[in-house]
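Structure first, then comments.
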Amino acid sequence: MNLGLGWEWQHPWALWGLPALLWAWYWLSRKPRPPLRYTGSISLWRASSALSNRTRTRRGLPHRFSEWLALLLALLALAGPEWSGSTPPRRVRVVVDRSPSMYLPGEGGPTRLALGLASLRELEDLGAVDWVDGSTGITEQGGWPSAWDTAPGEALQEPRWERWDQPGTWWLTDHAPLASPLRAGWLATGGAEVPGPVALVEDQELVWLGGERWETRAAPHQELRGGAGWPEAWRRLAGLWAEARGLRFGGLDPLPQDVPGLELVAAPEGPGVPLVWEGPGFGVRGAYAPEALRGLAGLRPWLLAQGADAPLWLAWEPGRCHTSLTRLDAVTGDADALAVAWIRVFDQTRRMPAEIVPQSERISAQAGLQRPESGAALEQGLGGTSWASGLAVGSILCLLLGLNLRR
């Protein structure tokens, strides 16, 4: 409800109580009070009686007025006034599902993600938008981040939607969430099942043909690159891993973004500082460059139960495995356990072919739509300025003032 001058009332029904408020004030004001009489005949007592009654009459109006003002402010707080005339343009948060299924083709050819964006813009005048990658929490303000048009280098999990159940928020996905939100809205584009490659088995590609039909075929071209500056034993281990996984050695040049596989990135040459690192069952002795991996965006450290202050000598990102080692002197403990851990790192870091999408992501998805619970939910969620709390505090202060004046 808008009463002009930029004021909006979230609960206009509360204003209907104004007549009752005026009646209550009138009744409190006219309530008879017995006069104060002094029974003594001494002139000092008679003067005190007159002075007390004048003071009582003078003080009657202020404390009644404070009580009336406290009731008025409380009623206005319940009405939920919001000043919208001078507020900046409202901001809307759109939480985007970037799991592999969103990059499958939808109806007519575009991806499910592209269809969802188009539908959302038709449904809502988005205004200023905070785009949120629901899987990683990365937020982009302003225009749509074009880098999100391409599937990420790793298979991201579907967002934990309950984290984003807030006013002023849309969920953008391809199938209805298991639990409907209480405050946010959601849009699901749906889509039919999309058969295709679902996994790599050594140097073969496992293809789902729909239903219970499967086939295998040769895996797409993948490469292992880099490795200069890595310890010789670890380079050999990476070569054996690549041979088992069907990757070819592509030289020392960086791995292009459109080529699946793995690149081994070494630290700059230099003496480094001593490194003594202990993992679960094995350890490393040598030297490393402490600043080699600092400040590189998107890197994920490999610490294996070490504390936050552990030396950072290995980190990874999709498609690239980085080390800050400048010298390896010895491997302590169980060397086989270290080799198994390295293989897991290579498998985790490897950039998979874009067409490899798990079967669980390829099944059909049901379209759906749920708007926020109220028409004003988006506007008050991120950009509104509510006065309800200030009015409530003012009501309490006026009530305390009235009680003090009664004394």
Side-chain angles (χ1 to χ4, degrees), residues 91-198 208-211 352-375 377-378 381-382:
R91 300 196 70 86
V92 177
R93 180 188 296 110
V94 179
V95 183
V96 182
D97 179 3
R98 297 192 68 211
S99 61
S101 62
M102 293 296 288
Y103 294 90
L104 295 174
E107 297 293 334
T111 63
R112 294 176 180 179
L113 176 58
L115 291 173
L117 287 172
S119 299
L120 185 61
R121 291 187 176 108
E122 291 178 1
L123 287 169
E124 183 70 29
D125 179 15
L126 295 178
V129 180
D130 291 341
W131 302 98
V132 181
D133 184 333
S135 300
T136 64
I138 296 174
T139 301
E140 298 284 349
Q141 296 183 346
W144 166 254
S146 58
W148 293 7
D149 290 330
T150 305
E154 57 183 317
L156 298 178
Q157 299 296 316
E158 183 178 331
R160 294 176 54 189
W161 293 117
E162 65 273 10
R163 294 178 53 197
W164 311 103
D165 189 4
Q166 301 160 359
T169 302
W170 278 100
W171 301 351
L172 181 59
T173 182
D174 61 340
H175 64 277
L178 294 177
S180 295
L182 298 178
R183 293 169 289 275
W186 58 267
L187 171 65
T189 58
E193 67 176 31
V194 183
V198 298
W208 177 50
L209 301 178
M352 300 292 286
E355 62 266 24
I356 302 295
V357 177
Q359 184 188 12
S360 59
E361 299 282 328
R362 290 185 172 275
I363 60 178
S364 60
Q366 187 68 35
L369 170 68
Q370 176 179 311
R371 289 184 177 275
E373 60 178 354
S374 67
L378 281 176
L382 298 178

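Bear in mind that the values here come from a model prediction, so they are computed numbers and not experimental data. Only this structure's heavy atoms are used, side chains among them; waters, hydrogens and symmetry mates stay out. One is the number of the first residue; the rest follow in order along the sequence.
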Closest contact, heavy atoms only, [X] versus [Y]:
X	Y	value
A188	A176	CB-N, 3.9 Å
V96	W131	CG2-CE3, 4.2 Å
G134	P159	O-CB, 3.5 Å
P110	A114	CB-CB, 4.1 Å
G106	L115	CA-CD1, 3.8 Å
M102	T173	SD-C, 3.6 Å

Under the ring-ring contact (aromatic ring centres under 6.0 Å, His included) definition, can you give me all pairs with a residue in residues 92-119, not counting sequence neighbours?
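Applying ring-ring contact (aromatic ring centres under 6.0 Å, His included) to every pair that reaches into residues 92-119, excluding sequence neighbours, yields nothing.
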
side-chain contact (heavy atoms from CB on, under 4.5 Å) involving [X] - partner list, sequence neighbours excluded:
X	result
T139	D130, V132
I363	none
L178	none
Q157	none

For the atom pair [atom1] ([X]) and [atom2] ([Y]), what is the distance rounded to the nearest 0.5 Å?
X	Y	atom1	atom2	answer
L187	L117	CG	CG	9.5 Å
E140	D133	CD	CG	9.5 Å
S135	R160	OG	CZ	11.5 Å
R362	E193	CZ	CD	10.5 Å
R93	W170	CZ	CH2	14.5 Å

State which residues pass side chain to side chain donor-acceptor pair (under 3.5 Å) with D165; sequence neighbours excluded, sorted by chain then number.
none

Counterpart residues, side chain to side chain donor-acceptor pair (under 3.5 Å), relative to T189 (two or more places apart):
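None.
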
Quick check on E162: does its CD atom have over 12 non-hydrogen neighbours (other residues, nucleotides or ligands) under 6.0 Å away?
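Yes - once you tally the heavy atoms of other residues, nucleotides and ligands closer than 6.0 Å, there are more than 12.
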
Under a 4.5 Å cut-off applied to non-hydrogen side-chain atoms, are L156 and T136 in contact?
yes

Under the side-chain hydrogen bond (donor to acceptor under 3.5 Å, both in side chains) definition, can you give me all pairs with a residue in residues 111-122, not counting sequence neighbours?
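Qualifying pairs, neighbours excluded: R112-D174.
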
Output side-chain donor-acceptor pairs under 3.5 Å for residues 147-154, partner residues at least two apart or in another chain, one line each.
from	atom 1	to	atom 2	distance (Å)
D149	OD1	W144	NE1	2.9
E154	OE1	R300	NH1	3.1
E154	OE2	R300	NH1	3.1
E154	OE2	R300	NH2	2.3

Set of ring-ring contact (aromatic ring centres under 6.0 Å, His included) partners for W161, sequence neighbours left out:
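With neighbours one apart ignored, the set is W171.
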
Evaluate the side chain to side chain contact (heavy atoms under 4.5 Å, CB included) criterion for residues L369 and L123: first the C-alpha distance (whole Å), next the side-chain angles of each, then the deciding distance (0.1 Å), finally the verdict.
CA-CA 10 Å; L369 170 68; L123 287 169; 3.7 Å; yes

Going by the side-chain contact (heavy atoms from CB on, under 4.5 Å) test, name the single residue among V198, V194, V357 that passes it with W208.
V198

Output all residues satisfying salt bridge (Lys or Arg N to Asp or Glu O under 4.0 Å) with E355, sequence neighbours left out; order by chain, then residue number.
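If we apply the salt bridge (Lys or Arg N to Asp or Glu O under 4.0 Å) test to E355, skipping adjacent residues, there are no hits.
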
Verdict with reasoning, R98 to E158, per side chain to side chain contact (heavy atoms under 4.5 Å, CB included)
CA-CA 7 Å; R98 297 192 68 211; E158 183 178 331; over 6 Å; no

